[in-house]
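Indexing begins at 1, ligand by ligand and atom by atom, following the structure's order. In what follows, residues are counted from 1 in the order of the sequence shown.
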Amino acid sequence: MRMLLIHSDYLEYEVKDKALKKPEEISEEQKRDRLDEVLAAFISVEKVDEQNPKEVVEKAVKEIEDIASQVKTKNIFVYPFAHLSSELASPDVALKILKEIEEKLKEKGYNVKRAPFGYYKAFKLSCKGHPLAELSRTIIPGEAKKE
Ligand SMILES: NCC(=O)N[C@H]1[C@@H](O)[C@H](n2cnc3c(N)ncnc32)O[C@@H]1CO
């Protein structure tokens, strides 16, 4: 899994078009949304993550919690982003993993939104520019076989 984490004054998106034949079903409200004072987590779920989704979810949540506490925000935007890797997981596995990251963070008391999966979206972001405002993480499941 590859994550780009941006601490931002806000993130807002608007769904534009389908990017998959069968994108995630969404309500009218989910077609656009916004969160202020947010840690945006742009996530590419990778093929290797399919070997141990549970462990990847746990590691991703831990990394996001760690950074959220450093930048002092409880607002998290989980954003599916297929542009950080050339070895993407299947959409079904990717969506399942992203939903579990969202759920785990909510269980831990974070205010979490997740952008819709399988769409092209316009988005606006206002990076805060401090030294921890732009970070990236690579997560590999421990038992992953080295090919
Ligand atoms: N910027 C627009 C966009 O990325 N759209 C992506 C994601 O919303 C989602 N998607 C598909 N596979 C994946 C994956 N492995 N990891 C994350 N998202 C995925 O499906 C769209 C087309 O690839």
Using side-chain heavy atoms (C-beta onward) and a distance below 4.5 Å, is Glu50 in contact with Lys47? yes
For Ala19, the ligand 1 atoms whose distance to one of its heavy atoms is below 4.0 Å: 21 (C), 22 (C)
closest protein heavy atom to atom 14 (C) of ligand 1 is Ala94 CB, 3.6 Å
Winner among Phe123, Phe42, Phe117, Tyr13 once heavy atoms are compared against atom 10 (N) of ligand 1: Phe117
Before you tell me yes or no, could you show the steps for Ser85 and Glu46 under side chain to side chain donor-acceptor pair (under 3.5 Å), namely the whole-Å CA-CA distance, both residues' side-chain angles and the distance that decides it to 0.1 Å? CA-CA 7 Å; Ser85 171; Glu46 296 187 287; 2.6 Å; yes
Identify the protein heavy atom lying closest to atom 16 (N) of ligand 1, giving its residue, its atom name and the separation to 0.1 Å. Val45 N, 3.1 Å
For residues Glu24 and Tyr119, report the shortest heavy-atom separation together with the two atoms involved. O-OH, 2.5 Å
For ligand 1, which atoms sit closer than 4.0 Å to a heavy atom of Ala89? 15 (N)
What part of Leu20 sits under 4.0 Å from ligand 1 if we count only heavy atoms: the side chain, the backbone, both or neither? side chain
Could you identify the single nearest non-hydrogen protein atom to atom 17 (C) of ligand 1 and state the distance to 0.1 Å? Ile43 O, 3.3 Å
Between Phe77 and Tyr10, does the ring centre distance come in under 6.0 Å? no
Which residue holds the protein heavy atom closest to atom 4 (O) of ligand 1, what is that atom called, and what is the gap in Å? Ala82 N, 2.9 Å
Ligand-side contact atoms (ligand 1) for residue partner Phe81, heavy atom cut-off under 4.0 Å: 4 (O), 17 (C), 18 (N)
Sub-4.5 Å side-chain heavy-atom contact between Lys31 and Ile26: yes
Distance alone, cut at 3.5 Å: any donor-acceptor contact between the side chains of Ser27 and Glu29? yes
Honestly, for Tyr119 the part within reach of ligand 1 (heavy atoms, under 4.0 Å) is backbone
I need the minimum non-hydrogen distance between Ile101 and Met1, along with the two atoms involved. CD1-CE, 3.8 Å
Write out the residue and atom name of the closest protein heavy atom to atom 8 (O) of ligand 1, then the distance separating them to 0.1 Å. Gly118 N, 3.0 Å
SB check Lys96 Glu100 (cutoff 4.0 Å): yes
Counting from 1 in the order shown, the ligand 1 atoms closer than 4.0 Å to a non-hydrogen atom of Leu88 are 15 (N)
Is the Tyr13 to Phe123 ring centre distance short of 6.0 Å? no
Which ligand 1 atoms, with their elements, are less than 4.0 angstrom from a heavy-atom of His83? 1 (N), 2 (C), 3 (C), 4 (O)
